[in-house]
Amino acid sequence: MSTSNVVVKLEKSRKQRMYIFFAFTSIVLALVLLGVLLIQLLLKNERYEIENHITQVAKQSAIAVNVLINGDFQTLNLYAQLIEQNPSLLTDNYAKQNLKYTIKNTRFYSVGLVDLDGNVTIYDSQKGFIPPINVKEYKYFQESIKGNRYMGFLGSYYDNDKLIVLYSVPVIINGQVKAILTGAHSAQDYTNAIDITAFNDEAVVHIVDGEGNLVLRDDSPYTLLQKSIFEYNDVPVGKKKKALKATQPVSYWFKDVNGVNKVAAFIPIGYNNWKILAILPFSSISHNTNSILRYTVVFFLIINLIVIIGARYIFALRQKSTNMIMDIALKDDVTGSLNKTSFYLEGEKILLQHCTDEIKLAVLVMDIDGFKIINEVYNTRTGDDILRKISNILSKNLIENSIYARLNDDVFAIMCEYQDDDELILLIKNICDEINSIELNIKMVPSFGIYKLVNKDVPINKMIDNASLAKRTIKGLVDNNYAFYNEELSLSILADKEIEAEMKSALENGQFVIYLQPKIDIKTMSPCGSEALIRWQHPTKGLISPNNFIPLFERNGFIVDVDKYMWEQACKVIRSWLDNGLTPLPVSVNISRIHFKYENLVDEIENLVNKYNIPKSCLELELTESAFLNNEGAVNSTILRLQELGYVIAMDDFGMGYSSLNMLRKLPVNVLKLDRGFINEATCTQRGFIVLNHVVQMARDLNAKVVCEGIESSQQVSILQSAGCDIAQGFYYAKPMPVDEYNNFVYNNGKVMG
Ligand code: C2E
Ligand code: MG
Ligand code: MG
């Protein structure tokens, strides 16, 4: 997965999470809103119901009062009419006297007759005739004297603490008011008439006049008003006034001084602009609704809770799986450190944060020479353990704002700040010291390539490439374990690019030529074979040594074509010897480890040998131990197969690596080509000589021939002889040479110096 892909995917999943979060938030909000709306609706409906209910009940009270009033006026009117029809009743005082009989047929507790001067004769059903009183100042007198009927509440004239309802109607004779007839009730009758017993007796019912004064006050304990509805500013005055003026029932909600929600209903009575005012607390009738509301709220709370818990659960699950995917995608599975992808991502963040030029950054690439041997000699579990230890060492040694990752196999990368080169070198030294202190029988040699950032716009993969190039320059060097990337390196890269541009045409144009270096039988001192070594006969640059292009070809895979070409050249040479009647000496060809990745090596070789019809024994095959290391299973079976077919297999550069002996345990190679270092060591030190002797002895015991490479002096020859070595190859005898020269050397000279 490329870095940009990961960034895009991360961004996509971040957006997805955001959308899901918004969706869930919206659902929760919508549910809350729906709940609130539903509650509102329920409340509204409930209020409407209550308003309706109280209005209806209060209407009954109004009707009851109305019936009372109508009945009382009718009674009084009946007697007024009686007097009007018999005016003499007034003059002979009969009417006054008759009051006590009149009262018997009415519901009044007192009746009275007022003369035009305002003197009233009252007969009380219990107290009998009351001494005359003048009522000129009373409103009922003033109204009825004008010919109007009147009804009103007032204090009793003779029963001081008693509130009464007083009716008065004029007695009109010949169009003139001649007297006023009155009748009185106890106000209690009206209180009883308007009393609403429903609603737990919490309903308060007053009769109010057009100005809002309480004409008849309900003295229940729930009553707050004393005299007027304007005593409290609980409802806008305008609203109250409007209710007083209305000819239809009106109701409104308000909060009383104690904060209790109440409904007030005004119902016109039809007299004196009076109204029944019924007041009811919400709680008295909303028990039902309250529980419905409670259930609704609880229901919505539960639903919301479920949604929220569900959302959290889903989020947590998603997060967990995202974290898992992230771990898989972004963490190294062996060490738990960053991997290549996350190194790129984190590296880009560091580059963004450190955009100032004052801060110096470097990218280091490290690998361990011979790490593969650990897996080989021990097992991959031990290898993984070592990788984890190395990872811990890196993490311990890195300063803040630094990152490191395992890029692959045993390759680690570091990005860190630094002040000067010394700081980086010290960091490397510390890491190396700690790695070397890991207890293991195999010595681990870390190599570092360092790329100091000059331009932060260079892509991170390029930085890693540059650091890796630097590292490659010290590969195999014992005394140096770090190298800085520099311009020269980039020049060598340029040179590599040049080679790469030319290599294909060079192969097609036959610029690659075969050189043969003779091998000398030490006992007979005569040539016993040769090694085919490649040279590039460049038209402008002259003869180029394989060291300048073989490593590059191995990296870019071109070695596969080049080797095949060389094998064919070797076969052609052998063929030419045969054709010329010469006894062919075996030619060994080099087989790069890369073949084991791509090719069916056995078929390739077989085809060539068949094509040129040469004896198999004439073509020896040289492999370096790195070939065995990389792809052990496949290599072993291929080699065994080639041996079965009759080819001689030589292990090249034996002793240079770490696992040569290990290889020997598994593969019965026919020839050991001892590395130059062996003979050099044997020439200089006693120990080296002992080692050489024993290696030769061991090869003998394994039925393998020993070829010593790099023989440069007669002294070395005598050492070889005393060690019992079979064959020597080196400049002392002959350098690699063109085929013509070789023919001359072998077939014309016959013997070499001894
Ligand atoms: P090698 O296969 O180990 O070849 C032996 C190298 O040792 C040759 O270097 C040879 O010139 C050098 N040599 C021989 N005697 C002496 C000596 O007395 N002193 C010193 N200092 N060197 C000596 P050369 O030809 O430069 O090749 C270098 C390496 O390149 C070879 O090492 C082999 O690994 C690779 N190579 C050469 N030709 C081919 C080829 O056709 N295919 C592949 N895959 N690799 C090749
Ligand atoms: Mg070789
Ligand atoms: Mg060699």
Side-chain angles (χ1 to χ4, degrees), residues 476 503 506-507 511-520 527 529-537 543-573 586-599 601 604-605 608 619-627 630 648-657 660 669-680 682-683 706-717 719-720 725 727-739 741-742 752-753:
M503 62 190 188
L507 185 63
Q511 287 177 22
F512 292 109
V513 290
I514 177 171
Y515 270 47
L516 296 174
Q517 184 177 30
K519 290 177 195 167
I520 309 299
S530 64
E531 176 174 6
L533 294 159
I534 193 170
R535 298 291 180 266
W536 186 344
Q537 188 68 60
L543 202 64
I544 305 175
S545 146
N547 290 328
N548 294 331
F549 55 87
I550 293 289
L552 172 66
F553 289 176
E554 286 189 329
R555 286 201 298 277
N556 64 22
F558 192 58
I559 191 72
V560 174
D561 295 337
V562 168
D563 268 1
K564 277 192 238 167
Y565 172 83
M566 281 294 287
W567 304 337
E568 183 149 16
Q569 295 305 307
C571 291
K572 275 183 187 168
V573 170
V587 178
S588 63
V589 289
N590 288 289
I591 294 180
S592 167
R593 62 197 156 87
I594 310 296
H595 291 277
F596 295 95
K597 271 193 198 167
Y598 303 114
E599 289 295 322
L601 191 63
E604 284 289 340
I605 304 273
L608 278 177
L619 196 69
E620 288 183 7
L621 310 173
E622 288 190 16
L623 289 121
T624 52
E625 67 172 16
S626 61
N630 278 345
V648 170
I649 304 291
M651 189 188 281
D652 204 355
D653 303 337
F654 181 84
M656 208 172 114
S660 308
V669 290
N670 310 99
V671 178
L672 283 191
K673 288 194 81 182
L674 300 197
D675 183 63
R676 208 145 58 89
F678 264 112
I679 190 68
N680 284 344
T683 323
V706 178
V707 178
C708 271
E709 288 187 293
I711 304 304
E712 290 179 341
S713 64
S714 56
Q715 189 200 355
Q716 288 176 335
V717 175
I719 286 174
L720 290 187
C725 184
I727 299 161
Q729 180 184 342
F731 294 171
Y732 176 70
Y733 299 108
K735 287 191 170 179
M737 55 188 78
V739 176
E741 263 181 54
Y742 177 81
V752 289
M753 67 290 257

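For ligands, and for the atoms within them, numbers begin at 1 and follow the listed sequence.
Close contacts between ligand 1 and Arg535 involve ligand atoms 11 (O), 25 (O) [criterion: under 4.0 Å to a heavy atom]. Atoms of ligand 1 lying under 4.0 Å from any heavy atom of Gln517, numbered from 1 in the order shown and given with element: 10 (C), 14 (C), 15 (N). If you number the atoms of ligand 1 from 1 as listed, the ones under 4.0 Å from a heavy atom of Glu712 come out as 17 (C), 18 (O), 19 (N), 20 (C), 21 (N). Counting atoms of ligand 1 from 1 in the listed order, those under 4.0 Å from a heavy atom of Ile711 are 18 (O). Ligand 1 places these atoms under 4.0 Å from at least one heavy atom of Pro546: 24 (P), 25 (O), 26 (O), 27 (O), 28 (C), 30 (O), 37 (C). Residue contact check: Pro736 has heavy atoms under 4.0 Å from atoms 11 (O) of ligand 1.
Scanning the protein for heavy atoms near atom 31 (C) of ligand 1, the closest one is Leu533 CD2, 4.2 Å. Nearest protein heavy-atom contact of atom 21 (N) of ligand 1 is Arg676 NH1, 3.0 Å. In terms of protein heavy-atom proximity, atom 22 (N) of ligand 1 is nearest to Phe731 CZ, 3.4 Å.
When the options Asp563, Val562, Asn547 are ranked by their closest heavy atom to atom 42 (N) of ligand 1, first place goes to Asp563. For atom 3 (O) of ligand 1, the nearest non-hydrogen atom from the set Ile591, Asp653, Ile514 belongs to Asp653.
At a heavy-atom distance under 4.0 Å, no atom of Lys735 approaches ligand 1. The residue Lys673 has no part lying near ligand 1, judged by heavy-atom distances below 4.0 Å. Under 4.0 Å from ligand 1, not a single heavy atom of Arg593 appears. Of the heavy atoms in Asp652, only side-chain atoms (C-beta onward) come closer than 4.0 Å to ligand 1.
For atom 9 (O) of ligand 1, the nearest protein heavy atom lies 4.0 Å away or farther. Contact annotation for atom 24 (P) of ligand 1: protein present (non-hydrogen atoms, distance under 4.0 Å). Shown here, atom 34 (O) of ligand 1 is out of close reach of the protein: none of its heavy atoms lies under 4.0 Å off. Within a 4.0 Å radius of atom 12 (C) of ligand 1, the protein has no heavy atom. Counting only heavy atoms, the protein gets under 4.0 Å from atom 28 (C) of ligand 1.
Here the side chain of Gln716 pairs a donor or acceptor atom with the backbone of Ser713 at under 3.5 angstrom. A donor-acceptor pair under 3.5 Å is absent between the side-chain atoms of Asn590 and the main chain of Glu622, judged by distance alone.
There is no side-chain donor-acceptor pair under 3.5 Å between Lys673 and Ser588. Donor-acceptor pairing under 3.5 Å is lacking for the side chains of Asn680 and Glu712.
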>> Would Val587 and Leu516 count as a side-chain contact (heavy atoms from CB on, under 4.5 Å) here? Give the steps.
In response: CA-CA 8 Å; Val587 178; Leu516 296 174; 3.9 Å; yes

>> Go through it in stages, so that I can follow the logic: the residues are Asp652 and Glu531, the test is side-chain contact (heavy atoms from CB on, under 4.5 Å), and I'd like the CA-CA distance, side-chain angles, deciding distance and then a yes or no.
In response: CA-CA 11 Å; Asp652 204 355; Glu531 176 174 6; 4.3 Å; yes

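Distances between N or O atoms of Glu709 and those of ligand 1 include at least one value under 3.5 Å. Of the polar atoms of Met566, none of the N or O atoms is found under 3.5 Å from an N or O of ligand 1, judged by distance alone. Here's the thing with Glu554: none of its N/O atoms is less than 3.5 angstrom from an N/O atom of ligand 1.
Each protein N, O or S atom less than 2.8 Å from the Mg ion (ligand 2) was counted, giving 4.
For Tyr515, the ring-ring contact (aromatic ring centres under 6.0 Å, His included) criterion is met by no residue, not counting sequence neighbours.
In this structure, Phe553 and Phe558 have perpendicular ring planes: the angle between them is above 60°, well past the 30° mark. Under the 30°/60° scheme for interplanar angles, the aromatic rings of Phe549 and Trp536 are found to stand perpendicular.
Tested against Ile711 for a side-chain contact (heavy atoms from CB on, under 4.5 Å), the candidates Ile520, Ile719, Leu720 yield a single pass: Leu720.
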